[in-house]
2 protein chains.
Amino acid sequence: MTAARVSPAKTTKGEETRARILETALELFRDRGYDETTMRAIAAQAHVSLGNAYYYFTSKETLIQAFYGRTHEEHLAASAPMLATRHTLKARLAGVMHAKLDTIEPYHRFAGVLFKTAADPASPLHPFSAESAQVREESTRLFGEVVDGADARVPDDLRAELPRLLWLYHMGIVLFWIHDNSPKRARSRKLVEMSVDLIATLIAFAANPLMRPLRKAALKMIAETK
Amino acid sequence: MTAARVSPAKTTKGEETRARILETALELFRDRGYDETTMRAIAAQAHVSLGNAYYYFTSKETLIQAFYGRTHEEHLAASAPMLATRHTLKARLAGVMHAKLDTIEPYHRFAGVLFKTAADPASPLHPFSAESAQVREESTRLFGEVVDGADARVPDDLRAELPRLLWLYHMGIVLFWIHDNSPKRARSRKLVEMSVDLIATLIAFAANPLMRPLRKAALKMIAETK
DNA sequence: CGATCGTTCTGAACGTGTTCATTTCCTCTT
DNA sequence: AAGAGGAAATGAACACGTTCAGAACGATCG
């Protein structure tokens with residue numbers, strides 16, 4: 001429940017103001033939605049001037065970037081107990097994925113806009129941008145832990161690529177989740193269950209010598225278009 | 001090269017004005033990019049008032065919807081000769097996919113914004129919305145033709161889902177293409193080549209009795225989260 | 001011809017994200 | 001204590017997307 005700190009956390013006056021603006025913004029986003037929240041409203045509620053809000057966040061989108069960092073840290077924290085106690089690939093992956101959905105659930109309402117801006121390659125927010133690199137890499141590392149801590153037999157060539165692939169998979173699930181309006185996001189949960197099963201099965205298949213050519217072809221594709 | 005008509009095409013005065021605005025808008029989008037093109041500039045260049053532009057297109061985004069329809073029709077046209085002459089699944093799919101990339105290439109620069117708005121579930125433009133339903137269904141039908149006209153052996157249960165799956169695949173490729181800045185979009189082309197290969201192989205595999213349980217599991221997942 | 005009515009068109013006005021010249025605040029130096 | 005200089009904060013101003021009350025247009029009917 002404690003606020004995660006993203007930027008270097010000297011508690012100068014400025015850092016306090018910055019934090020206050022961010023808290024206020026996320027609160028308003030959650031309650032009213034992104035488009036309905038004006039920068040003026042954020043500034044007012046945070047007791048700063050409009051210009052001052054822009055002194056700390058160069059654009060409204062920048063606030064989303066901060067949101068990324070925030071939920072990512074929460075996701076890490078929520079995943080840790082899963083990874084400490086579960087040892088099959090399937091259970092570990094399922095745990096991490098459900099933790100993800102738990103983490104972002106409060107923001108489902110404004111998650112759409114979130115991905116909206118994220119999909120634009122020109123935006124510093126899109127998942128492959130330099131600005132997102134840190135979060136992306138940490139997130140990928142998390143999926144690396146999912147694999148490495150599991151007792152599954154995974155061919156080395158696949159193991160090297162798997163974290164990236166699972167990260168991509170996880171983005172796909174989030175994309176599905178954004179469009180999911182079923183009660184309690186049941187469809188997304190179901191999809192996670194079933195797709196995790198499928199992935200575990202596929203990885204088991206991949207270790208079969210008969211599958212070697214297919215596996216090699218798939219990995220080659222990934223390598224050549226990286 | 002003739003302009004594709006989307007709306008009922010009575011050539012009344014209004015239809016002409018509408019067309020003029022759309023042509024101007026697409027031209028400006030192509031040349032300057034989306035954000036850099038103002039509604040005022042479109043109106044001015046099309047010799048109409050700002051208000052009049054909004055009489056025909058209720059928002060700037062609506063112009064993107066029109067763009068969808070346009071490129072979709074061009075894609076259909078470009079795909080026809082492929083489907084008429086090629087008979088293997090691989091060749092047909094590759095033909096249709098390359099035709100797609102050919103069609104949208106001139107707009108690569110503003111395609112980002114295109115998908116930006118498309119990714120927002122609240123937008124009428126996102127691929128799963130009611131407003132996009134027509135284009136989406138027609139597009140899915142195209143992939144149905146790719147499969148049906150091919151001489152590949154495809155299990156019936158898979159055949160029923162394949163058009164939708166291939167449409168989804170095609171969206172993925174477009175997403176990749178958007179982020180692709182390699183010369184002549186070489187990476188996207190390569191990805192199409194290799195992924196089409198892989199898909200053809202997978203479909204061949206799917207017909208193997210040994211694969212039945214896996215195939216059933218995958219299809220079940222799709223069915224239950226539809 | 002004139003009246004009527006729906007279509008087409010206009011431009012002023014509003015709210016928003018963003019910028020920027022300027023002011024206020026704080027800390028350190030002498 | 002005074003001043004210098006940077007950090008923090010201000011609010012007016014701008015450009016843009018969008019809305020709207022109404023004007024102009026044009027076809028149809030008496």
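Keep in mind that what you see is a predicted model, and the values were worked out from it rather than measured. Hydrogens, waters and symmetry mates play no part in the numbers below; they use all other heavy atoms, side chains included. So you know, we letter chains A, B, ... as the sequences are listed, proteins then strands, and number each from 1.
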A:Tyr169 vs A:Phe143, test: ring-ring contact (aromatic ring centres under 6.0 Å, His included). Steps then yes/no.
CA-CA 10 Å; A:Tyr169 155 74; A:Phe143 287 104; 7.7 Å; no
Output a table of nitrogen or oxygen pairs between the protein and nucleotides 13-17 of chain C separated by less than 3.5 Å.
| residue | atom | partner | partner atom | Å |
| --- | --- | --- | --- | --- |
| C:dG17 | OP1 | A:Lys60 | NZ | 2.8 |
| C:dG17 | OP2 | A:Met39 | N | 3.0 |
| C:dG17 | N7 | A:Arg40 | NH1 | 2.8 |
| C:dG17 | N7 | A:Arg40 | NH2 | 3.4 |
| C:dG17 | O6 | A:Arg40 | NH2 | 2.9 |

Give the rounded distance in Å between these two atoms: CD1 of B:Ile21 and C1' of C:dC9.
10 Å
Under 3.5 Å, sequence neighbours excluded: what are the donor-acceptor pairs made by side chains of residues 95-106 of chain A?
| residue | atom | partner | partner atom | Å |
| --- | --- | --- | --- | --- |
| A:His98 | ND1 | A:Arg189 | NH1 | 2.9 |
| A:His98 | NE2 | A:Glu193 | OE2 | 2.7 |
| A:Lys100 | NZ | A:His170 | NE2 | 3.2 |
| A:Asp102 | OD1 | A:Arg189 | NH1 | 3.3 |
| A:Asp102 | OD1 | A:Arg189 | NH2 | 2.7 |
| A:Thr103 | OG1 | A:Ala99 | O | 2.7 |
| A:Glu105 | OE1 | A:Trp177 | NE1 | 3.4 |
| A:Glu105 | OE1 | A:Arg185 | NE | 3.3 |
| A:Glu105 | OE2 | A:Arg185 | NE | 3.4 |
| A:Glu105 | OE2 | A:Arg185 | NH2 | 2.6 |

Does C:dC9 have OP1 or OP2 sitting under 4.0 Å from an N or O in the side chain of B:Thr17?
yes
Whole Å only: how far is the CZ atom of A:Phe57 from the C1' atom of C:dT19?
18 Å
Separation of atom CG in A:Asn52 from atom C1' in C:dT24, rounded to whole Å:
12 Å
Relative to each other, are the rings of B:Phe67 and B:Tyr107 parallel, tilted or perpendicular (30° and 60° limits)?
perpendicular
Side chain to side chain contact (heavy atoms under 4.5 Å, CB included) filter on B:Ser49, not counting sequence neighbours, yields B:Asn52
Mind jotting down which residue pairs meet the salt bridge (charged side-chain N to carboxylate O under 4.0 Å, His left out) criterion with at least one end in residues 43-54 of chain A? Sequence neighbours excluded, please.
none
Outermost contacting nts on DNA chain D, any atom under 4.0 Å from chain A heavy atoms, listed 5' then 3', are D:dA7 to D:dA13
Between A:Arg109 and A:Arg32, is there a donor-acceptor pair closer than 3.5 Å when you use the side chain of the first and the backbone of the second?
yes
Show every salt bridge (charged side-chain N to carboxylate O under 4.0 Å, His left out) that has at least one partner inside residues 167-184 of chain A, sequence neighbours left out.
A:Asp180-A:Arg187
Grab the two heavy atoms, one from B:Thr24 and one from B:Ile42, that are nearest each other, plus how far apart they are.
CG2-O, 3.8 Å
